[in-house]
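Every chain is numbered from 1 and lettered A, B, ... according to where its sequence line falls, protein lines coming before strand lines. No hydrogens, no waters, no symmetry mates; every other heavy atom, side chains included, goes into these values.
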Amino acid sequence: MSTDKISTMREAIKKFVHNNELVFLGGFGNGIAFSAAHEIIRQDLKSLTVCKCGGGILFDQLIGAGVVDQIITSHCWNPHGPQPAWNLKRAMEEGIPNNLIYNEQSLFMINMSFYAGYMGVPFMPIRSIVGTDIFDNPKEVGLKAAKVECPFTGEEICVVPAINPDVGIIQVQRADIEGNAQMWGLIGDTKFGINACKRIIVAAEEIVDKAVIMESPERTIVSSNKVDAVVHEPWGGHPGYMQGYYYTDLEYRFNYAKETKEIRDWNKWLEKWITGVNDRQEYLNILGEDKLRKLKAKNLIQGAVNYGY
Amino acid sequence: MSTDKISTMREAIKKFVHNNELVFLGGFGNGIAFSAAHEIIRQDLKSLTVCKCGGGILFDQLIGAGVVDQIITSHCWNPHGPQPAWNLKRAMEEGIPNNLIYNEQSLFMINMSFYAGYMGVPFMPIRSIVGTDIFDNPKEVGLKAAKVECPFTGEEICVVPAINPDVGIIQVQRADIEGNAQMWGLIGDTKFGINACKRIIVAAEEIVDKAVIMESPERTIVSSNKVDAVVHEPWGGHPGYMQGYYYTDLEYRFNYAKETKEIRDWNKWLEKWITGVNDRQEYLNILGEDKLRKLKAKNLIQGAVNYGY
Amino acid sequence: MVIEEENYCKEYTGFEMMLVSACRQIRHDDVVFNAFHWPFLVVHMAKLLRFPNLFTVMEVGLSQNEVPKPDKMPYSIVDPVLVPNSVFVGDSIDALSILQRGEITLAFLSTSIIDKYGNGNTTVIGPYKKPIYRLPGGGGATEIAGLANRLIWLLDDHSKYRFVEKLDFITDPGYLNGYDSRIKAGYPLNSGPEAIITPLCIMRFDPFTKEAYLDALHPNATIEQVKEETGWNLKIADEVRDIKPPTMREIEICRKTMKDAIDQYYILKPEWTKYLEK
Amino acid sequence: MVIEEENYCKEYTGFEMMLVSACRQIRHDDVVFNAFHWPFLVVHMAKLLRFPNLFTVMEVGLSQNEVPKPDKMPYSIVDPVLVPNSVFVGDSIDALSILQRGEITLAFLSTSIIDKYGNGNTTVIGPYKKPIYRLPGGGGATEIAGLANRLIWLLDDHSKYRFVEKLDFITDPGYLNGYDSRIKAGYPLNSGPEAIITPLCIMRFDPFTKEAYLDALHPNATIEQVKEETGWNLKIADEVRDIKPPTMREIEICRKTMKDAIDQYYILKPEWTKYLEK
């Protein structure tokens with residue numbers, strides 16, 4: 001079962017993401033799937049539900065571009081702190097560009113829902129959320145929590161339902177052509193989220209030989225048997241970071257908050273950075289080489305151990 | 001909270017393991033806590049219940065020495081394959097040296113029970129074991145599985161109860177003096193099992209600076225906030241292996257099966273290797289330098305990645 | 001925590017006083033959940049000021065117990081500089097497990113709006129599906145508030161719009177409806193809000209009713225001012241304690257921390273906020 | 001699988017035939033759960049013979065899809081030589097998740113005793129608490145049997161002591177009480193035993209009753225012999241197929257695999273077993 005799954009982002013999104021589907025996007029700080037989200041916007045997909053532990057400006061862009069009807073997440077901030085992002089606000093408060101359902105989960109609720117999906121079981125128990133409106137509220141919008149009585153202790157405990165997205169996309173440090181994908185540094189919800197998905201697209205900063213994968217197999221977060229497409233997409237996580245590759249573009253993120261506050265500025269931003277470019281390479285051209293040079297990570301090569309026997 | 005927790009194995013067992021307790025022992029092939037088990041036998045502890053995903057000859061020795069009343073595990077083999085180990089057979093079939101309760105779990109049942117303990121919830125759902133005698137049988141001996149109705153899908157699903165041992169002991173590759181403990185290669189049930197424990201003893205092949213721990217923090221399986229004692233115990237996993245340190249002593253294991261088939265041979269074995277020595281160093285002296293040289297792992301240093309930013 | 005009498009600072013803001021006052025609540029053996037926003041700054045200060053080996057856990061899945069030695073201040077709790085300065089890196093569920101096992105002894109949290117039972121709302125003002133004002137969402141605050149042994153709220157704006165009698169939406173569980181309602185809901189016995197720290201004061205909670213009351217005043221604040229700025233009829237301790245001003249050392253570390261945070265856009269410069277507020 | 005007609009082997013044991021016959025059941029796109037004991041040898045042979053990139057998963061928590069290149073044969077499914085030859089290494093629960101999500105298309109298992117519905121017992125003969133004969137325990141076989149799409153049993157001793165009408169203890173779920181009892185218990189629709197392979201034959205399962213019947217004979221075995229050695233009244237297919245003998249290439253790989261396994265004590269030399277049997 002040795003297959004070359006290399007694809008462009010355009011082909012991969014075209015083939016594996018469809019209107020009305022539930023889409024998981026990976027990355028909690030490290031490896032946020034920005035490039036994939038931009039291609040989804042360019043292909044003008046409709047009525048998606050997107051899920052991810054923290055939505056941030058990734059979800060804000062999808063909302064502003066009108067491709068999503070529902071977000072399942074625990075927060076959707078602007079870069080400068082716990083303030084709602086502007087497109088989220090416009091959609092929720094004014095229905096611009098469309099009415100949006102914000103299926104708000106607590107961070108650990110959504111993590112355990114991904115974990116249930118990962119484990120192939122219908123629910124997971126958690127001790128938080130009881131007594132809050134987070135427990136009850138999502139009932140009006142889809143997902144909901146419930147309580148069961150523990151047959152061993154007799155106590156009542158919350159359970160949250162499995163999430164198994166139709167398709168998931170992650171941006172990782174490296175992968176081989178068959179889709180064995182490795183990520184290091186912070187993982188957040190990415191490993192469990194992506195393995196809960198029915199179809200999987202891996203976007204990687206580098207494509208490496210399988211021999212490199214096998215040098216530290218603990219870094220693999222999803223393996224080839226589950227992966228449908230592999231995209232070589234350097235800088236695909238910008239303006240987020242990728243450990244060992246590039247740092248967060250703080251200036252760009254700050255400017256995003258400034259440049260999307262008004263709807264007409266957002267429309268300009270959308271065209272400049274997403275719909276007005278053909279692919280990630282053109283986006284990087286606008287960003288410019290100086291910026292890339294500035295963001296590029298320094299070397300801190302470490303973590304080797306003896307695997308001998 | 002910087003504390004030096006370095007201790008000898010004798011002190012650590014004396015202080016943190018008591019009669020009648022539930023004890024977790026780590027290692028699924030890699031890093032089996034043999035040295036700790038031998039010290040438990042030397043201190044002649046009584047009426048322990050021991051748990052571990054696969055019992056093997058570690059549990060067989062504890063059974064033969066009469067320190068355990070109950071084992072919670074998924075199998076207890078002799079080294080040469082799926083045959084019951086001799087002390088297990090004697091205890092179960094003849095009550096020698098004492099009557100033993102074998103609380104047999106399936107492999108994943110015990111793993112999910114440790115996971116529930118790790119997560120701080122009273123149970124975990126699993127899809128296997130229904131319809132088998134594994135589901136029902138442990139009821140007569142303590143732990144049991146049950147079923148709950150999923151409030152989301154309506155289906156009935158098995159749940160297994162949390163296990164939170166009184167004390168756990170692991171043999172790892174390296175730790176710092178505060179107890180940040182790292183293990184690589186195969187982990188099996190060790191990470192979740194040890195973190196479910198109320199008290200923790202870490203035995204390590206090497207004691208390293210915290211700076212070494214921080215070079216690849218993903219290799220940490222338990223961190224200092226939970227650890228009570230740190231023992232510098234090279235070769236503590238013999239005759240099992242430790243990735244990067246030494247290989248399994250296949251000959252010794254084969255001989256164990258031969259030398260413990262009859263009760264009087266077992267008594268000799270027990271005295272030679274456990275009760276007749278004072279500590280791990282004396283055990284290693286009997287084993288001899290030639291054997292250690294032969295078992296020592298070759299170097300295969302790999303797995304470094306760029307942690308730069 | 002003993003403060004050296006002779007070295008108090010004269011000029012400082014209420015915001016600085018809030019951070020310093022929060023920092024003084026930490027004990028050397030605390031296992032602290034290190035949350036985004038002001039909590040992160042408090043923990044950073046505590047490591048530099050008093051407890052270089054404070055054991056801290058972040059929701060993305062990492063644990064630290066060394067003073068941070070990065071060349072830049074983290075821009076967020078997910079900054080890659082944190083990774084090679086951590087003793088453990090895993091995933092979010094690893095961090096949850098520490099909380100859920102009851103091993104977090106102390107957590108700080110910020111929230112948008114708080115009520116008299118110490119519940120927080122960062123979700124919505126108005127109806128959930130058609131909000132008047134949509135807030136960003138709570139993130140991990142729900143479980144941090146639910147499962148940490150001691151919870152300390154940090155509210156940077158002590159006004160009646162932020163301190164209300166009743167919330168439109170409970171995102172973060174405090175004492176719910178007061179009295180034993182939190183315990184009845186199923187939260188651990190040894191958990192729940194311990195204090196609310198603001199630029200003006202520290203509130204604590206009545207052991208029986210679980211309602212917040214004024215316990216101690218920051219310098220220059222008055223009981224009347226605090227009552228005026230609180231959106232419910234705030235109860236006052238029989239003997240309201242006075243809080244010492246920041247020491248020179250505390251304010252130095254506090255300002256250094258804030259400067260580093262501004263350099264990393266963790267805190268915005270005041271002149272930037274005009275672009276960002278609506 | 002097409003076998004080259006001209007190259008059949010003449011002399012081989014029933015045990016070898018069982019391994020070869022099992023090996024032929026594997027498809028190139030199978031995701032195989034690679035279990036301890038004979039299953040491990042079959043998968044090893046398949047990688048060398050036909051599918052060097054077969055995707056395999058082991059219960060300790062690793063996945064491989066390259067032909068093994070270690071300098072020694074693994075002594076067990078937890079051998080450290082496996083680690084740097086794997087594309088994924090995690091923990092046991094990671095391996096369970098693959099099974100439980102229904103992604104394992106094929107698993108082989110050995111067991112001590114089997115019944116006519118393909119249930120296995122590796123726990124006990126006699127009462128659970130006071131056994132006549134205590135067996136070692138099932139390990140992960142319970143969930144492998146429960147959750148793999150296709151399960152193939154490997155029984156190296158075709159005798160009526162191992163093939164019984166009813167088990168004292170069901171460790172590994174086959175079709176339970178037959179008919180729809182397995183599905184009713186809650187196991188996935190597309191799961192359950194597909195075959196039992198022994199030195200003498202291959203049994204398959206009636207689609208309705210779920211009882212095992214004789215489907216195909218290994219060379220030199222007879223229907224009468226199989227009936228005689230089976231502890232229940234074995235049903236026979238209308239047309240019993242004949243299985244081709246091992247090819248020269250199959251037997252070469254089989255013997256090489258067994259030799260390497262003996263060197264690592266994975267299989268014992270016949271002269272050793274006298275020390276080890278009671």
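- The aromatic ring centroids of D:F36 and B:W77 lie less than 6.0 Å from each other.
- Interface remark: B:F114 contributes no atoms to any contact with chain D (heavy atom separation under 4.5 Å).
- At least one cation-pi condition fails for D:K166 and D:Y117: the charged atom is not both under 6.0 angstrom from the six-membered ring centre and inside a 45 degree cone around its axis.
- The part of B:L88 that comes within reach of chain D is its side chain, from C-beta onward, which places non-hydrogen atoms under 4.5 angstrom from that chain.
- If you measure heavy-atom distances from B:Y241 to chain D, the contacts under 4.5 Å come from the side chain alone.
- Ionic pairing of D:D156 and D:R162 is present here: one or more N-O contacts between side-chain nitrogen and carboxylate oxygen are shorter than 4.0 angstrom.
- Heavy atoms of D:L99 lying under 4.5 Å from chain B belong exclusively to its side chain.
- Between chain B and the options D:G146, D:G139, D:A145, D:A95, the largest number of non-hydrogen pairs under 4.5 Å is found for D:G139.
- For B:L300, the part sitting under 4.5 Å from any heavy atom of chain D is the side chain, from C-beta outward, and nothing else.
- For D:V60, the parts sitting under 4.5 Å from any heavy atom of chain B are the backbone and the side chain alike.
- In summary, the aromatic rings of D:Y75 and D:Y266 are positioned with their centroids too far apart to meet the 6.0 Å limit.
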- prompt: What do the steps show when you test D:L155 against D:I113 for side-chain contact (heavy atoms from CB on, under 4.5 Å), and what is the final call?
  reply: CA-CA 8 Å; D:L155 275 281; D:I113 307 170; over 6 Å; no
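- Heavy-atom distances place both the backbone and the side chain of D:D79 under 4.5 Å from chain B.
- Under the rule for a side chain to side chain donor-acceptor pair (under 3.5 Å), B:K268 has no partner lying at least two apart in sequence or in another chain.
- Of the possible donor and acceptor atoms, one in the side chain of B:D249 sits under 3.5 Å from a partner among the backbone N and O of B:Y252.
- Heavy atoms of D:L96 lying under 4.5 Å from chain B belong to its backbone as well as its side chain.
- Checking side-chain atoms of B:Y247 against main-chain N and O of B:G240 turns up no donor-acceptor pair under 3.5 Å.
- Highest contact tally toward chain D, considering only B:L100, B:I157, B:L250, is held by B:L250 [criterion: heavy-atom pairs under 4.5 Å].
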Salt bridge (charged side-chain N to carboxylate O under 4.0 Å, His left out) evaluation trace for B:E104 with D:R134: CA-CA 12 Å; B:E104 185 177 333; D:R134 175 68 216 193; 2.3 Å; yes
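- Among D:S76, D:P173, D:P131, the residue making the largest number of heavy-atom pairs under 4.5 Å with chain B is D:P131.
- Annotation: maximal heavy-atom pairing with chain B below 4.5 Å, among D:T123, D:L176, D:L167, occurs at D:T123.
- Options B:F192, B:W184, B:Y115 differ in how many heavy-atom pairs under 4.5 Å they form with chain D, and the most are formed by B:F192.
- Looking at heavy atoms from C-beta onward, B:M109 lies in side-chain contact with B:I134 at the 4.5 angstrom threshold.
- Your options are B:T73, B:N30, B:D189, B:T248, and the one with the most heavy-atom pairs under 4.5 Å with chain D is B:T248.
- Residue B:E251 touches chain D through both its backbone and its side chain, counting heavy-atom pairs closer than 4.5 Å.
- Chosen from B:L186, B:N111, B:I187, the residue pairing most often with chain D at heavy-atom distances under 4.5 Å is B:L186.
- Both the backbone and the side chain of B:E93 come within less than 4.5 Å of a heavy atom in chain D.
- Ranked by heavy-atom pairs shorter than 4.5 Å toward chain D, the options B:G244, B:S128, B:G185 are led by B:S128.
- Considering only heavy atoms from C-beta on, D:I267 comes within 4.5 Å of D:W38 through its side chain.
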